[in-house]
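Worksheet: the structure to be examined is printed underneath.
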Amino acid sequence: MKLHLSGQSANLQNSKQWPQYLAVLTAGISGVALGSHFAWTSPALPIILSDDFPVNITSGEASYIAMIGPMGDFLGAPLAAWFADKIGRKNGILSIALPTLVAWIILAFANSTLVFCIGRFISGIGEGIFFIVYPMYVGEVTESKIRGQGGNPQRSKQWPQYLAVLTGSISSIALGLHYSWTSPALPILLSDDFPVNITSDEASYIAMIGPIGDFFGAPLAAWFADIIGRKNGILLIALPTFVAWMILAFAKSTLEFCIGRFISGIGDGMLFIVYPMYVGEVTEPKIRETKDQL
């Protein structure tokens, strides 16, 4: 009996970690696909507002098209919290492909402002689903040795864990403002009354450069999360967020706008890496309801 238990313990300790990293990385591809929806406004809005576009769309309507996407998150998030227990976390991530595909098809054949808004709203639903299901999935498929172990799982209270997760998600609200900043800002930047002369191409670069910063923020977060901890990592996101807003507030050229947007993207990339780790550390399996297998 002792030999049998000892063998089980050894197998648990020597379990392979690379499939867990691969599972998390593969699931994160959904974030890349949804990020394309976020960045869609950067090349699309200048085309939509041009005189050559077959549909007559005003600057105000274009801002609605850009703004409606993040609003879909508010519907997708509670929807994901419900069906994640019904079909499982992994199937929940796979289901994100449905609203993503539908949204792209609608946007490809849209011929009115309303149809554009519907497509953007559906893409927002997929984003809301991802932000809820992905941290759950990470918490299920990774060992405590990888994501960390927090608290005493037998005696700890549950409400502080819910509070910690909710408080940590406030960072996503602040960073979401950077994503949606282009919707009210681009029409102003392109107007004749704006003191800085910015062309439609330059405005598209300003919008597009934000998500590019994610590719720098993500590996940076993966490195310092083990140095300063997950909670401090989330708190650190306030630094690039604040710096980005200050630069955008006083920007006087296209380059300065791009720098501000790029720094905000670094904060976005940091959040997408650190927040799932933090959720996996501060919540018990009872709360995450670990019942699906890789």
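None of these values were measured; they are calculated from a predicted model.
- Residues I237 and G267 come closest through the heavy atom pair CG2-O, 3.9 Å.
- Contact record, A244 with G260: CB-O, 3.3 Å, taken as the closest heavy-atom pair.
- Although no hydrogens or angles enter the test, the distance criterion places a donor-acceptor pair under 3.5 Å between the side chain of R261 and the main chain of I206.
- Screening residues 231-251 for side-chain hydrogen bond (donor to acceptor under 3.5 Å, both in side chains) gives H178-W245 as the qualifying pairs, with residues at least two apart or on separate chains.
- Linking Ile, Leu, Val, Met, Phe, Trp and Tyr whenever their side-chain heavy atoms come within less than 4.5 Å puts I96 and M71 in one cluster.
- Residue-environment remark: CZ (F224) exceeds the threshold of 12 foreign heavy atoms within 6.0 Å.
- Looking at I118 and F121, their side chains never come closer than 4.5 Å, going by heavy atoms from C-beta outward.
- Nearest heavy atoms, G265 versus D214: O-OD1, 2.7 Å.
- Minimum interatomic distance between C258 and I209 (heavy atoms only, all atoms of both residues): O-CG2, 3.4 Å.
- In this structure, L190 CG and E202 CD are separated by 9.5 Å, a value rounded to the nearest 0.5 Å.
- Each of I57 and L114 belongs to its own hydrophobic cluster when Ile, Leu, Val, Met, Phe, Trp and Tyr are linked at side-chain heavy-atom distances under 4.5 angstrom.
- Grouping the Ile, Leu, Val, Met, Phe, Trp and Tyr side chains by contacts below 4.5 angstrom, directly or via other members, places L98 with I106.
- Within the 4.5 Å cutoff, no side-chain heavy atoms of F53 are placed close to those of L49.
- Nearest heavy atom pair, residue V274 against residue A221, reads CG2-CB, 3.6 Å.
- Considering every non-hydrogen atom in both I198 and L189, the closest pair reads CB-O, 4.0 Å.
- Considering only heavy atoms from C-beta on, V55 stays 4.5 Å or farther from I48 through its side chain.
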